[in-house]
There are 2 protein chains.
Amino acid sequence: MKATSVTSVKPIKHTSSPDCRHVRELLARIGAKWSMIVVTRLATGPMRFSELKRDIGTISQKMLTSTLRELERDGFVTRTVTPTIPPRVDYTLTDLGVDLLGPLEALGEWAVRNQHRVEQARERAREVGV
Amino acid sequence: MKATSVTSVKPIKHTSSPDCRHVRELLARIGAKWSMIVVTRLATGPMRFSELKRDIGTISQKMLTSTLRELERDGFVTRTVTPTIPPRVDYTLTDLGVDLLGPLEALGEWAVRNQHRVEQARERAREVGV
DNA sequence: CCGAATCCCTATAGATACTG
DNA sequence: CAGTATCTATAGGGATTCGG
């Protein structure tokens, strides 16, 4: 590496390389508009499709469907279909999904704590005209 | 709240409400394709534009520019222009940016640790044909 | 030459409307 | 109820141009 020789910043163990890609992919999935809100909603227990939809309110059926499908594919939630009429589909967090809640909430709390700093920066940027 | 009465899952303090929006926005920004790799690159110290570009390798000038601009607007990096010929532009993490490294790395390590679980889930999904 | 702006193009995220 | 089908907006990439 280039080593720009700076000591003021903790040299965090170089998260580039292939690892970084997985992290980025995870962040992209989690950062998708609805992933986090769905995951945290499911943190309180299993919910069915319409329950999630009603609870979140502003999400479209399509986005709820695709978000849940992707979370399912990645192993964060399970999908249980009860083929009655009308059909009933329940979504539950997997162990992996529950495990994710930890670091997710850490980042969430950071965001809440530092939200004003971001706002201030944006305000300043707006004033300067960036 | 609805309280689906489930005790098996830690009842994480309901990260919905307005807060959740900020969290989501932050995750979206951080989850953007190049944000994280840029931030972690800058963790070792200030770098100039071309240095970042060369170091990351696969990023386009356009994306590097816009990523840095957004990170600047949100207060994660500072941009220092030295109007020489040829011009020189240095990027540095702000205190806010440095602070972000903590939770970011936590999530990063989680991703690395659990990456195989996601892979397995995807494999299974592919077999079933989801 | 460096850093960026701009145009153009494609892929995909996301919203609206319809269906079994 | 729980989706699919259809359309639109935006993210992201490549190439070109520009100003110093």
Side-chain angles (χ1 to χ4, degrees), chain A residues 2 4 20-21 24-39 41-42 46-74 77-92 125 128-130, chain B residues 2 20-21 24-38 41-42 46-74 77-92 125 128-130:
Chain A
K2 201 68 161 311
T4 345
C20 192
R21 215 179 115 255
R24 230 201 13 75
E25 279 181 6
L26 177 73
L27 283 170
R29 172 93 29 240
I30 292 304
K33 191 164 181 184
W34 301 106
S35 297
M36 176 173 180
I37 201 169
V38 168
V39 170
R41 274 302 196 295
L42 289 175
M47 294 180 86
R48 51 190 301 189
F49 188 90
S50 52
E51 216 173 344
L52 278 167
K53 171 119 179 55
R54 200 169 349 100
D55 206 27
I56 297 176
T58 53
I59 195 174
S60 62
Q61 306 94 308
K62 192 209 165 179
M63 285 320 294
L64 184 53
T65 302
S66 62
T67 299
L68 285 166
R69 283 289 152 81
E70 283 170 357
L71 289 174
E72 187 195 6
R73 285 188 356 141
D74 288 357
V77 308
T78 50
R79 179 167 176 274
T80 315
V81 182
T82 314
T84 52
I85 297 177
R88 176 197 179 91
V89 182
D90 287 277
Y91 292 92
T92 320
V128 182
V130 178
Chain B
K2 201 67 162 309
C20 193
R21 213 179 118 253
R24 232 202 7 78
E25 278 181 7
L26 175 74
L27 283 169
R29 173 89 35 238
I30 292 304
K33 192 166 180 182
W34 300 105
S35 297
M36 176 172 180
I37 200 168
V38 167
R41 274 300 195 297
L42 290 175
M47 293 180 86
R48 52 188 301 188
F49 187 90
S50 52
E51 217 174 341
L52 278 166
K53 170 120 179 54
R54 201 171 346 101
D55 206 26
I56 297 176
T58 52
I59 195 172
S60 61
Q61 307 96 305
K62 186 196 171 185
M63 286 319 294
L64 184 52
T65 302
S66 63
T67 299
L68 285 167
R69 281 291 152 82
E70 284 170 356
L71 289 174
E72 187 195 5
R73 285 185 357 142
D74 288 356
V77 307
T78 50
R79 179 167 176 274
T80 316
V81 182
T82 314
T84 53
I85 297 176
R88 175 195 178 93
V89 183
D90 287 277
Y91 292 93
T92 320
V128 183
V130 180

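Naming: A, B, ... by sequence-line order, numbering from 1 per chain. Please read all numbers here as calculations on a predicted model, not as lab measurements.
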- prompt: When we call it a touch if two heavy atoms are under 4.0 Å apart, what does A:Lys33 touch: a base, just sugar-phosphate, or nothing?
  reply: sugar-phosphate

- request: Classify every nucleotide of nucleotides 14-20 of chain D by which part a protein heavy atom approaches to under 4.0 Å, writing B for the base, S for the sugar-phosphate alone and - for neither, in 5'-to-3' order.
  value: B----BB

statement: Residues at least two apart in sequence or cross-chain that pass side chain to side chain contact (heavy atoms under 4.5 Å, CB included) with A:Ser66, listed by chain then number, are A:Met63

- request: Check whether any side-chain N or O of B:Tyr91 sits under 4.0 Å from OP1 or OP2 of C:dA4, and answer yes or no.
  value: yes

task: Answer yes when A:Lys53 and A:Asp55 have at least one side-chain N-carboxylate O distance shorter than 4.0 Å, and no when they do not.
output: no

query: Do any side-chain nitrogens or oxygens of B:Arg88 fall under 4.0 Å of OP1 or OP2 in C:dG3?
result: no

task: Would you kindly give the CG-to-P distance between B:Asp90 and C:dA4, to the nearest whole Å?
output: 11 Å

- request: Please state how far atom CD in A:Glu72 lies from atom P in D:dA2, giving the value in whole angstrom units.
  value: 15 Å

- request: In whole angstrom, give the distance that lies between atom CG of B:Leu52 and atom C1' of C:dC2.
  value: 14 Å

message: In this structure, how many angstroms lie between the C1' atom of C:dG3 and the CD1 atom of B:Ile56, rounded?
response: 15 Å

- line: Here the distance between atom P of D:dG3 and atom CE of A:Met63, to the nearest Å, is 14 Å

- prompt: Which nucleotide in the set D:dG13, C:dA4, D:dA2 lies at the smallest distance from any side-chain heavy atom of B:Trp34?
  reply: D:dG13

task: Quick one: list whatever passes side chain to side chain contact (heavy atoms under 4.5 Å, CB included) with B:Val89, sequence neighbours left out.
output: B:Arg79, B:Val81, B:Tyr91

N or O in side chain of A:Arg48 less than 4.0 angstrom from D:dA2 OP1/OP2: yes

- prompt: Can you name the nearest heavy-atom pair linking B:Ser35 to B:Leu71, along with the distance?
  reply: O-CD1, 4.2 Å

statement: CD1 of B:Ile59 to CZ of B:Arg54, rounded to nearest 0.5 Å, is 14.0 Å

message: What is the separation between atom CZ on A:Arg24 and atom C1' on D:dG12, rounded to the nearest whole Å?
response: 11 Å

message: On DNA chain C, compare the nucleotides closest to B:Arg79 and A:Glu70; which residue's is nearer the 5' end?
response: B:Arg79

- prompt: At under 4.0 Å, does any side-chain N or O of A:Ser50 touch on OP1 or OP2 of D:dA2?
  reply: yes

Separation of C:dG3 C1' from B:Met47 CE (nearest whole Å): 15 Å

Residue-phosphate contact under 4.0 Å: A:Arg69 side-chain N/O, D:dG3 OP1/OP2: yes

task: Kindly write out the residues that satisfy side-chain hydrogen bond (donor to acceptor under 3.5 Å, both in side chains) with A:Arg48, not counting sequence neighbours, or none if the list is empty.
output: none

- prompt: For residues 26-38 of chain A, which residue pairs qualify under salt bridge (Lys or Arg N to Asp or Glu O under 4.0 Å), counting only residues two or more places apart or in two chains?
  reply: A:Arg29-A:Glu70, A:Arg29-A:Asp74

Euclidean distance, atom CG of residue A:Leu64 to atom P of D:dT4 [Å, nearest integer]: 12 Å

